[in-house]
Amino acid sequence: MADLDRPLSEGLADALERVAAMHPNCDLSDPGTPSATVAILRHNYGTIDHLVLADSPIVLNGTNGYTVITDLRVDDTLPSLRAEVESHQTHTPGHREALQRLVLAQRQVRNTPEGYWVAAARPEAAEHALTGTISLRDVRSAAVMSDGVSRLVTEYGAATWADVFATLQAGGPRKLIESVRGVEATDPTGIRWPRYKSGDDAAVAYCQW
């Protein structure tokens, strides 16, 4: 993906293929094969290339405001099972059982036309990533983050994107993650904001131009 003349999707496909080749003794056709979301931002000769696969968003702070690039196809998959999970408080037997049913069902449609796409053992998943290019002169700063961070805005409504970027500029990623955890601490069992689990993975990278 460091080759600026190659599309990011091709680089991701190569990466997935190489990682799979490192595990010849594993059954990579198993639906439970480890997987991950992908969000990539690449500086490329006066432009910015982006790639998003699954629900880790990229947010651009540009001359025309904030642009959110994200892949929410997973949210449209198995809506009734998702609703069942969110009907329970976290850390309860009902929540754990409903979440297990959802996860098992998601595995059956993951990386299929009927479901959603995520980085796992099949390199063709990269073909389904959302990609694009934007002129660098139209972007002031950008953040690449996990959905465990972006939900501060998208699900909790506890901040705006302007707030997020102000926090990143003043205190960096650590301060933003602390803000997310502080909000979640006020609703530890998911009564106000139903969610899969408490303390979802939180990661963010920030850059300015």
Side-chain angles (χ1 to χ4, degrees), residues 8 12 35-43 48-79 82-83 85-86 90 99 102-103 106 110 115-120 125-126 128-134 138-209:
L8 285 174
L12 177 59
S35 64
T37 63
V38 181
I40 303 169
L41 202 62
R42 181 175 69 182
H43 189 185
I48 298 174
D49 302 327
H50 65 259
L51 178 150
V52 171
L53 183 62
D55 56 359
S56 288
I58 295 172
V59 185
L60 305 176
N61 175 15
T63 54
N64 295 317
Y66 297 94
T67 301
V68 181
I69 305 164
T70 188
D71 175 5
L72 298 178
R73 284 172 285 190
V74 65
D75 290 351
D76 297 326
T77 304
L78 307 169
R82 290 175 62 86
V85 174
E86 294 178 353
T90 55
L99 180 58
L102 174 62
V103 169
Q106 283 180 329
R110 187 173 63 188
Y116 64 102
W117 298 88
V118 68
H128 299 273
L130 306 183
T131 61
T133 299
I134 187 171
D138 295 329
V139 181
R140 300 189 185 97
S141 56
V144 181
M145 63 189 73
S146 67
D147 67 327
V149 174
S150 63
R151 65 183 52 196
L152 181 69
V153 177
T154 59
E155 296 184 34
Y156 303 159
T160 64
W161 290 121
D163 296 331
V164 165
F165 277 78
T167 300
L168 285 170
Q169 186 172 16
R174 181 183 297 274
K175 185 64 176 178
L176 179 58
I177 292 172
E178 288 175 353
S179 297
V180 176
R181 295 297 184 231
V183 169
E184 291 176 338
T186 67
D187 181 38
T189 59
I191 296 176
R192 182 176 181 184
W193 299 299
R195 51 194 186 271
Y196 292 161
K197 58 184 177 181
S198 296
D200 280 354
D201 293 343
V204 58
Y206 175 62
C207 52
Q208 292 179 286
W209 292 276

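Counting from 1, the numbers follow the sequence of the chain as shown.
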Using the rule given for side chain to side chain contact (heavy atoms under 4.5 Å, CB included), can you reason through I40 versus V38, listing the C-alpha separation, both sets of side-chain angles and the distance that settles it, and then say yes or no?
CA-CA 7 Å; I40 303 169; V38 181; 3.7 Å; yes

With rounding to the nearest 0.5 Å, note down the distance linking [atom1] in [X] to [atom2] in [Y].
X: I48; Y: D138; atom1: CD1; atom2: CG; value: 9.0 Å
X: T131; Y: D49; atom1: OG1; atom2: CG; value: 9.0 Å
X: D55; Y: R151; atom1: CG; atom2: CZ; value: 8.5 Å
X: Y116; Y: L53; atom1: OH; atom2: CG; value: 10.5 Å
X: R181; Y: L152; atom1: CZ; atom2: CG; value: 11.0 Å
X: T186; Y: R192; atom1: OG1; atom2: CZ; value: 6.0 Å

Is there a donor in the side chain of D163 and an acceptor in the side chain of T160, or the other way round, less than 3.5 Å apart?
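There is such a pair (donor and acceptor under 3.5 Å, judged by atom type) between the side chains of D163 and T160.
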
Kindly give the heavy-atom pair with the smallest separation between [X] and [Y], and that separation in Å.
X: T90; Y: P188; value: OG1-O, 3.2 Å
X: V52; Y: I69; value: CG2-O, 3.7 Å
X: R140; Y: G62; value: NH1-O, 2.9 Å
X: S141; Y: Q208; value: CB-CG, 3.8 Å
X: S150; Y: W161; value: CB-CH2, 4.0 Å
X: T37; Y: A54; value: CG2-CB, 3.4 Å

Between H43 and W209, does a side chain to side chain contact (heavy atoms under 4.5 Å, CB included) hold up when you go through it step by step?
CA-CA 10 Å; H43 189 185; W209 292 276; 4.2 Å; yes

Could you check whether the rings of H128 and W117 sit parallel, tilted or perpendicular, using 30° and 60° as the cut-offs?
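Ring orientation, 0 to 90° scale: parallel.
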
In terms of the angle between their ring planes, are Y156 and W193 parallel, tilted or perpendicular, with boundaries placed at 30° and 60°?
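Rings of Y156 and W193: tilted, 30 to 60°.
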
Passes side chain to side chain contact (heavy atoms under 4.5 Å, CB included), T167 versus E178? Steps please.
CA-CA 10 Å; T167 300; E178 288 175 353; over 6 Å; no

Given 3.5 Å as the limit, does a donor-acceptor pair link the side chain of S146 with the main chain of D201, or not?
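Checking the backbone N and O of D201 against the side chain of S146, a donor-acceptor pair under 3.5 Å is found.
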
With D75 via side-chain hydrogen bond (donor to acceptor under 3.5 Å, both in side chains) - residues at least two apart:
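D75 satisfies side-chain hydrogen bond (donor to acceptor under 3.5 Å, both in side chains) with R82 once adjacent residues are dropped.
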
Check residues 168-177 and write down every donor-acceptor pair under 3.5 Å in which the side-chain atom is one partner and the other belongs to a residue at least two apart or another chain.
none

Should H50 and V144 be marked as a side chain to side chain contact (heavy atoms under 4.5 Å, CB included) after you check the CA-CA gap, both sets of side-chain angles, and the distance that decides it?
CA-CA 10 Å; H50 65 259; V144 181; over 6 Å; no

